[in-house]
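Below, chains carry the letters A, B, ... as their sequence lines are ordered, and counting in each starts from 1.
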Number of protein chains: 2
Amino acid sequence: MYYGGIEAGGTKFVCAVGNEQVNIIEKVSIPTTTPTETLNQVFHFFEKYALKSIGIGSFGPIDLNEKSPTFGYLTTTPRKGWENFNLLGAFKERYTMPISLTTDVNAAAYGEYIRGYKGSIDSCLYLTVGTGIGGGFIKHGDIVQGYGHPEMGHILIQKHPKDHYPVCCAFHPNCLEGMASGSSMEERYNKKAYEFDRDSEVWELEAHYLAQAIVNYTLIVRPDKIILGGGVMKQEQLFPLIREEFKVLMGDFVETPFLEEYIVGPKLGDNAGIVGCLTLASELV
Amino acid sequence: MYYGGIEAGGTKFVCAVGNEQVNIIEKVSIPTTTPTETLNQVFHFFEKYALKSIGIGSFGPIDLNEKSPTFGYLTTTPRKGWENFNLLGAFKERYTMPISLTTDVNAAAYGEYIRGYKGSIDSCLYLTVGTGIGGGFIKHGDIVQGYGHPEMGHILIQKHPKDHYPVCCAFHPNCLEGMASGSSMEERYNKKAYEFDRDSEVWELEAHYLAQAIVNYTLIVRPDKIILGGGVMKQEQLFPLIREEFKVLMGDFVETPFLEEYIVGPKLGDNAGIVGCLTLASELV
Ligand SMILES: Nc1ncnc2c1ncn2[C@@H]1O[C@H](COP(=O)(O)OP(=O)(O)O)[C@@H](O)[C@H]1O
Ligand SMILES: Nc1ncnc2c1ncn2[C@@H]1O[C@H](COP(=O)(O)OP(=O)(O)O)[C@@H](O)[C@H]1O
Ligand SMILES: [Zn+2]
Ligand SMILES: [Zn+2]
């Protein structure tokens with residue numbers, strides 16, 4: 001028995017096949033070009049397996065409201081050629097097996113909840129700090145979302161008085177993604193995020209912004225764990241800086257687990273998303 | 001068959017008895033003085049009824065972690081005489097019937113979800129804007145909380161450039177409660193919140209702060225409804241101001257229900273909390 005998992009991103013589609021134990025037995029990365037071209041390669045990859053079900057974790061924004069006429073469509077994505085594309089529909093046309101769809105970050109959160117930090121937590125919030133910033137929240141095994149999926153990367157926070165660079169979000173004057181995502185760093189400083197020295201002041205600002213957001217997530221949903229993944233978090237010096245800043249901003253106001261166990265990296269590393277997709281697939285059967 | 005409900009507040013304990021249909025048949029308000037005095041009056045009120053169960057919605061912070069040795073204790077409350085008081089323990093000592101405990105705002109959120117806006121929503125977030133600011137979030141019938149109960153009144157937001165008054169929270173430099181609660185208004189402007197004219201500029205600032213918070217709640221949990229209650233929200237002119245400001249700050253970024261149906265007052269009015277307590281009691285039997 002095999003499960004299919006697809007982490008559909010704006011740069012690449014990571015596809016994997018899992019066995020009965022939901023362990024990955026084959027994985028490929030397919031560049032995101034046009035929908036037809038990319039999906040044909042995806043379909044081709046899965047051809048040699050008799051899949052039972054598929055789990056998709058997609059980039060967004062994507063319509064996840066089952067009652068909506070555009071359920072399963074990518075909506076206003078800036079990725080050319082994919083605006084208003086019926087992603088779920090394309091899979092339903094090709095396959096008759098059960099298919100589950102959620103966001104890439106919900107899938108990663110789910111992967112970490114079920115497999116990464118398995119058994120040690122009842123809730124977790126996963127935040128990816130990459131090209132953009134996005135998050136998912138799992139509570140007691142459920143992906144928490146309502147009228148649509150979360151967009152917690154865009155919460156409004158306060159600009160640091162020492163920060164004189166413009167905020168780079170087309171929608172918001174002062175949002176987290178516009179100040180702390182990898183692409184906003186590039187746009188603001190005209191330099192790749194990975195080109196800054198480990199001890200550059202930009203990491204202090206980065207930690208300050210992420211800590212502000214984490215204070216708010218904590219006060220609103222009180223997760224057992226906050227998991228930070230994505231390219232920017234490869235800067236490991238960020239973790240202690242964020243924990244320190246969190247402590248200062250939270251002001252000892254609510255209890256949290258020990259910060260070293262509370263604000264952490266993904267246990268599954270870059271596999272969090274694809275493992276989440278496979279797990280969601282396995283639960284359909 | 002009767003249920004007991006107790007909305008335990010820092011100023012008063014509202015106690016009610018509900019019948020089988022969870023309709024209120026008697027209700028009293030008991031001033032909050034010392035634990036012994038107040039609870040004796042509470043116990044006395046319930047004496048003439050053969051209750052099946054009790055639901056308590058309490059002011060906080062209160063330890064709701066069932067695994068904690070201080071489960072059911074009020075913790076660091078500023079209310080004199082009630083710090084570290086074992087509220088749940090006092091009821092368990094008196095009664096052998098099942099007792100459910102949550103926060104006052106979780107109870108109000110639950111009341112509005114189950115009874116107020118019954119059937120029309122799958123999730124709602126209730127925010128009380130009174131002496132303090134607090135909130136609860138219900139999703140698919142569950143009260144969402146994790147390591148502890150939410151404290152969403154204290155999220156960090158941005159001070160308005162036109163606002164030159166100090167922020168009044170002992171814990172946070174820039175939190176919602178410190179800028180927008182009734183008591184912070186009094187402390188900041190040295191005037192009761194209800195003494196300002198309906199068209200005073202303070203309501204614009206108030207709407208701005210609440211809108212910022214509502215943008216963040218929306219992006220993080222995407223509720224079907226945001227319900228605003230509490231003394232300060234008696235200023236009905238706030239609702240359209242908040243909706244306008246929400247629109248500006250959100251920048252058309254995610255879909256929400258029509259704002260007139262999204263940002264609303266409590267359908268149960270001041271009974272939201274006590275109805276929630278009675279409903280929680282009824283579910284224990
Ligand atoms: N070692 C690194 N240090 C800092 N930033 C990095 C590093 N590696 C990648 N990034 C940044 O992370 C972003 C890409 O994030 P990633 O999570 O890999 O992809 P995506 O978000 O597109 O799925 C880019 O902005 C890149 O500059
Ligand atoms: N009509 C009103 N307009 C503005 N503020 C009001 C009004 N009524 C009460 N308040 C304010 O609301 C706060 C009390 O909130 P309330 O919800 O009644 O009680 P509590 O939060 O203590 O349970 C006080 O700060 C009071 O000044
Ligand atoms: Zn934004
Ligand atoms: Zn505060």
J.: Show the numbers, then the answer: is there a side-chain contact (heavy atoms from CB on, under 4.5 Å) between A:E204 and A:K162?
T.: CA-CA 11 Å; A:E204 270 171 55; A:K162 277 205 277 185; 4.3 Å; yes
J.: CG of B:N106 to OG of B:S58: how many Å apart, nearest 0.5 Å?
T.: 11.0 Å
J.: When only pairs under 4.5 Å are counted, which of A:E255, A:Q158, A:Q212 shares the most heavy-atom pairs with chain B?
T.: A:Q158
J.: Name, in order of residue number, those residues of residues 142-150 of chain B that have a heavy atom at a distance of less than 4.5 Å from a heavy atom in chain A; otherwise write 'none'.
T.: B:V144, B:Q145, B:G146, B:Y147, B:G148, B:H149, B:P150
J.: Check for a donor-acceptor pair, side chain of B:S120 on one end and backbone N or O of B:Y117 on the other, with a separation under 3.5 Å.
T.: yes
J.: I'd like to know if B:D163 pairs up with B:R188 as an ion pair, taking the criterion as any Lys NZ or Arg NE/NH1/NH2 lying under 4.0 Å from an Asp or Glu carboxylate oxygen.
T.: yes
J.: Got a second to check how far A:L210's CG is from A:I242's CD1, nearest 0.5 Å?
T.: 4.5 Å
J.: Under 4.5 Å heavy-atom distance to chain B, tell me which part of A:V221 shows up: side chain, backbone, both or neither.
T.: both
J.: Where on A:P223 is there a heavy atom nearer than 4.5 Å to chain B: the side chain, the backbone, both, or neither?
T.: backbone
J.: When you measure from the side chain of B:Y110 to the backbone of B:R115, do you find a donor-acceptor pair of N or O atoms at a distance under 3.5 Å?
T.: no
J.: Can you check whether anything in residues 131-139 of chain B gets within less than 4.5 Å of chain A, heavy-atom wise, and list it by number?
T.: B:F137, B:K139
J.: When you measure from the side chain of A:Y113 to the backbone N and O of A:G141, does any donor-acceptor pair fall under 3.5 Å?
T.: yes
J.: Is a donor on one side and an acceptor on the other found under 3.5 Å between the side chain of B:E112 and the backbone of B:K267?
T.: yes
J.: Among pairs that include at least one residue of residues 144-159 of chain A, which meet salt bridge (charged side-chain N to carboxylate O under 4.0 Å, His left out), considering only residues two or more places apart or in two chains?
T.: none
J.: Flag yes if more than 12 heavy atoms outside A:H160 fall under 6.0 Å of its NE2 atom; otherwise flag no.
T.: yes
J.: Near B:Y165 OH, under 6.0 Å, is it more than 12 heavy atoms from other residues, nucleotides or ligands?
T.: no
J.: Quick check on A:T256 against chain B: is it the side chain, the backbone, both or neither that has a heavy atom closer than 4.5 Å?
T.: backbone
J.: Return yes when atom CD of A:E83 has more than 12 non-hydrogen atoms of other residues, nucleotides or ligands closer than 6.0 Å, and no otherwise.
T.: yes
J.: Against chain B, work out which of A:S123, A:A213, A:P257, A:G153 has the most heavy-atom pairs shorter than 4.5 Å and name it.
T.: A:P257
J.: Go through the steps to decide whether B:T75 and B:D63 satisfy the test side-chain hydrogen bond (donor to acceptor under 3.5 Å, both in side chains), and finish with yes or no.
T.: CA-CA 7 Å; B:T75 55; B:D63 185 344; over 6 Å; no
J.: As an exercise, state the distance from OG1 of B:T76 to CG of B:N84, rounded to the nearest 0.5 Å.
T.: 8.0 Å
J.: With the side chain counted from C-beta on, respond yes when A:F71 and A:N86 share a heavy-atom pair under 4.5 Å apart, and no when they do not.
T.: no
J.: Could you list which of residues 170-181 of chain B have a heavy atom closer than 4.5 Å to any heavy atom of chain A, in residue-number order?
T.: B:F171, B:H172, B:N174
J.: Pick one of side chain, backbone, both or neither for A:I121, based on which atoms fall under 4.5 Å of a heavy atom in chain B.
T.: neither
J.: Given 3.5 Å as the limit, does a donor-acceptor pair link the side chain of A:T102 with the main chain of A:G57, or not?
T.: no
